[in-house]
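Computed over heavy atoms, backbone and side chain alike; hydrogens, waters and symmetry mates excluded. Nothing here was measured: the structure is a model prediction, and the numbers come from that model. Position 1 is the first residue of the sequence; numbering continues from there.
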Amino acid sequence: MTSFNLVRLQGLGYSQAFLQILEKFPNFGELSFSAQYKILSQERSVYSSGFADGMSRLGNQAVEIFFDCEDAQKTWAAEQGVDYSNKYWQVEIVLAQLQKMKPDVLFFQDIYALPEKVRRRIKDYVPSVRVVVIQKGYPGETGDLSDADILLVSSPILYERYREQSPHLLYHSFDADIPLSLMERETIDRERLVFAGSSRAPEDRYWMLRQLLRETPINIWVDENHNSHKKHGGWLNHWAWKRYIRAKLVNEMRLNSDGLPVKLFSMVSALPKVKRILAEAQGKGCANLKDRELPRLRRGLLPKRTLSEEFPSRSKPSLFGLDYYELLSRSDVVFNIHSAKSQDTVDNMKMFETTGMGACLLTDTGRNMKDLFEEDVEIVTYRSADEAIEKAKYLVENPEKAREIAVAGRAKTLARHTMFHRCEEIDEIIRTHL
């Protein structure tokens, strides 16, 4: 079977992820590129290096390029004698790397590794490239991806949105090569109920977490935009106005949603309703309203205080890489809620990371959950804020049941949802295009 040479472009994405690496390796910038690359791979920040390992196990040559890690990229350029400009260093260094590596397959884990104009002409810049693979996981993506020879999507929403391109639906996965020591270590510092990720304020996730913090013993490791809260706290942004118009005025004023005037919000007749709904939402604090019954207006409200400011003793900064996996490994129950873009589907990485690390997953559900896990056997699901709180309390009070579900969930993930499983599928798809 003929092998191929693959390069995957991925980014750390979050500045906090790299800062976390610098805390562990303060001399990172002084190391050789090979040492820096080893650290970036072993720390498994954001996207795991298990992909390159998996493709290599299948007989291919696979390398990762961490395109947005400035220290490592500029170290490579210095060692290779590659010149670059201060303004366009990222693009120029990536192209130089690709021209030197001469891959058969270029895998865009992140389409923002290169400007769209450059990405669309990548075969001109790097003539060795025969197949361009683009993978998209976040269901909010709406860009033009027609330059992909192979389009991989991790969300049913994206599968429908890009149907004309004949995409392949491949869900996210768990890197089973995460050091076993993280899972096998006995620790007295266990967490009963946790959340780790972004608050995504002002989406429902923020309000759900706020309610959980009030009514359960949950601890959170959260990424929040403090400046945005202080600047826009308590008021509706433009996005929220649009949601309000469609969700509330259309219903109350019996207007045709297809023919709404662009400046409908300026109508005098609408202003009293705006003030009333806003006052009601602020008066109730929004937290006592049921998730599924909330007026969509609430999703546009951005409180003045972040969750970490309101609950400082139970909030810590977000974690990445091995530190994140270590938290999952010592947690009994992990709370999960998808972004608003997922609508009535489930698709995020945390489902596989949580179950893979042996914790009990408490998550919202969707129409495609049956394709991934068995509800209330391998994972626990909820359909409203009240149900989430009820089940969270039950699992905390019944750790043996949580453990039973966690064991079943991990077995399913290791049997069907590892990164190597996905590599096998991707390898087969790529070979049909070579």
Practice item. Could you grab the distance from atom CZ of Arg130 to atom CG of Leu434, nearest 0.5 Å is fine? Key: 5.0 Å
Point to revise | Any donor-acceptor N/O pair, His417 side chain to Phe174 backbone, under 3.5 Å | key: no
Check your understanding: Would Asp347 and Ser342 count as having a side-chain donor-acceptor pair, cut-off 3.5 Å?
Key -> yes
Practice item. Verify, without hydrogens or angle tests, whether Glu224 (side chain) and Ser308 (backbone) share a donor-acceptor contact under 3.5 angstrom. Key: yes
Review point. Are any side-chain N or O atoms of Glu378 and backbone N or O atoms of Glu374, one a donor and one an acceptor, separated by less than 3.5 Å?
Key: yes
Exercise for review: Would you check, one step at a time, whether the test ring-ring contact (aromatic ring centres under 6.0 Å, His included) holds for Phe108 with Phe67?
Suggested key: CA-CA 11 Å; Phe108 283 90; Phe67 67 86; 9.1 Å; no
Point to revise | Note: Arg431-Glu428 ion pair, threshold 4.0 Å (strictly below) | key: no
Review point. Between CE of Met349 and CG of Asp175, what distance do you get to the nearest 0.5 Å?
Key: 10.0 Å
Check your understanding: When you look at OH of Tyr159, are more than 12 heavy atoms from neighbouring residues, nucleotides or ligands closer to it than 6.0 Å?
Key -> no
Point to revise | Backbone of Leu414 reached by a side-chain donor or acceptor of Thr418 within 3.5 Å | key: no
Point to revise | Donor-acceptor contact below 3.5 Å, side chain Arg8 vs main chain Ala62 | key: no
Check your understanding: Taking side chain as C-beta onward, heavy atoms only, is Leu98 less than 4.5 Å from Ile65?
Key -> yes
Exercise for review: To the nearest 0.5 Å, tell me how far Arg57 CZ sits from Asp427 CG.
Suggested key: 12.0 Å
Review point. With a 4.0 Å cut-off, would you call Arg44 and Glu353 a salt bridge?
Key: no
Check your understanding: Atom NZ in Lys350, atom CD1 in Ile337: separation rounded to 0.5 Å?
Key -> 11.5 Å
Review point. Would you say the side-chain atoms of Arg416 pair up with the backbone N or O of Leu372, donor to acceptor, closer than 3.5 Å?
Key: no
Review point. Just by distance, with hydrogens left out, do Gln109 and Glu64 show a side-chain donor and acceptor under 3.5 Å apart?
Key: no
Exercise for review: Could you tell me whether a side-chain N or O of Arg200 sits under 3.5 Å from a main-chain N or O of Ala340, the two making a donor and an acceptor?
Suggested key: no
Practice item. Quickly, which of Asn348, Ile379, Thr354, Thr381 forms a side chain to side chain contact (heavy atoms under 4.5 Å, CB included) with Asn336? Name it, please. Key: Asn348
Exercise for review: Indicate yes or no: does Glu387 engage Lys391 in a salt bridge with an N to O separation below 4.0 Å.
Suggested key: yes
Exercise for review: Kindly compute the distance separating CD1 (Ile178) from CG (Leu322), expressed to the nearest 0.5 Å.
Suggested key: 6.0 Å
Check your understanding: Between His433 and His168, what is the ring plane arrangement, given parallel below 30°, perpendicular above 60°, and tilted in between?
Key -> perpendicular
Study note, to complete from the structure: From the list Arg192, Arg190, Arg403, Lys401, salt bridge (Lys or Arg N to Asp or Glu O under 4.0 Å) partner of Asp332 resolves to Arg190
Check your understanding: Just by modelled atom types, is the Ala72 backbone N or O under 3.5 Å from a matching donor or acceptor in the Tyr37 side chain?
Key -> no
Revision key, fill the gap. Tightest non-hydrogen contact, residues Lys136 and Leu145, listed as CG-CD1, 3.5 Å
Point to revise | N/O donor-acceptor pair under 3.5 Å between Thr432 side chain and Ile429 backbone | key: yes
**Study point:** Side chain to side chain, Asn368 and Val346, heavy atoms closer than 4.5 Å
**Key:** yes
Check your understanding: Is it true that the side chains of Asp144 and Ser146 contain a donor and an acceptor less than 3.5 Å apart?
Key -> yes
Review point. Does atom NZ of Lys38 have more than 12 heavy-atom neighbours, drawn from other residues, nucleotides or ligands, at distances under 6.0 Å?
Key: no
Check your understanding: Can you tell me how far the NE2 atom of His338 sits from the CG atom of Asp344, to the nearest 0.5 Å?
Key -> 11.5 Å
Review point. Hey, is the main chain of Tyr138 close enough, under 3.5 Å, to the side chain of Glu141 for a donor-acceptor pair?
Key: no
Review point. Does Lys316 NZ have over 12 foreign heavy atoms under 6.0 Å away?
Key: no
Check your understanding: Relative to the ring of Phe28, is the ring of Phe18 parallel (under 30°), tilted (30 to 60°) or perpendicular (over 60°)?
Key -> perpendicular
Practice item. Fit a plane to each ring of Phe51 and Phe107, take the angle between them on a 0 to 90° scale, and name the class: parallel (under 30°), tilted (30 to 60°) or perpendicular (over 60°). Key: tilted
Check your understanding: If every non-hydrogen atom of Gln90 is compared with every non-hydrogen atom of Ala113, which pair is closest and at what distance?
Key -> NE2-O, 3.7 Å
Point to revise | Pair Leu158-Arg161, side-chain contact (heavy atoms from CB on, under 4.5 Å): steps then yes or no | key: CA-CA 5 Å; Leu158 292 177; Arg161 187 172 298 156; 3.7 Å; yes
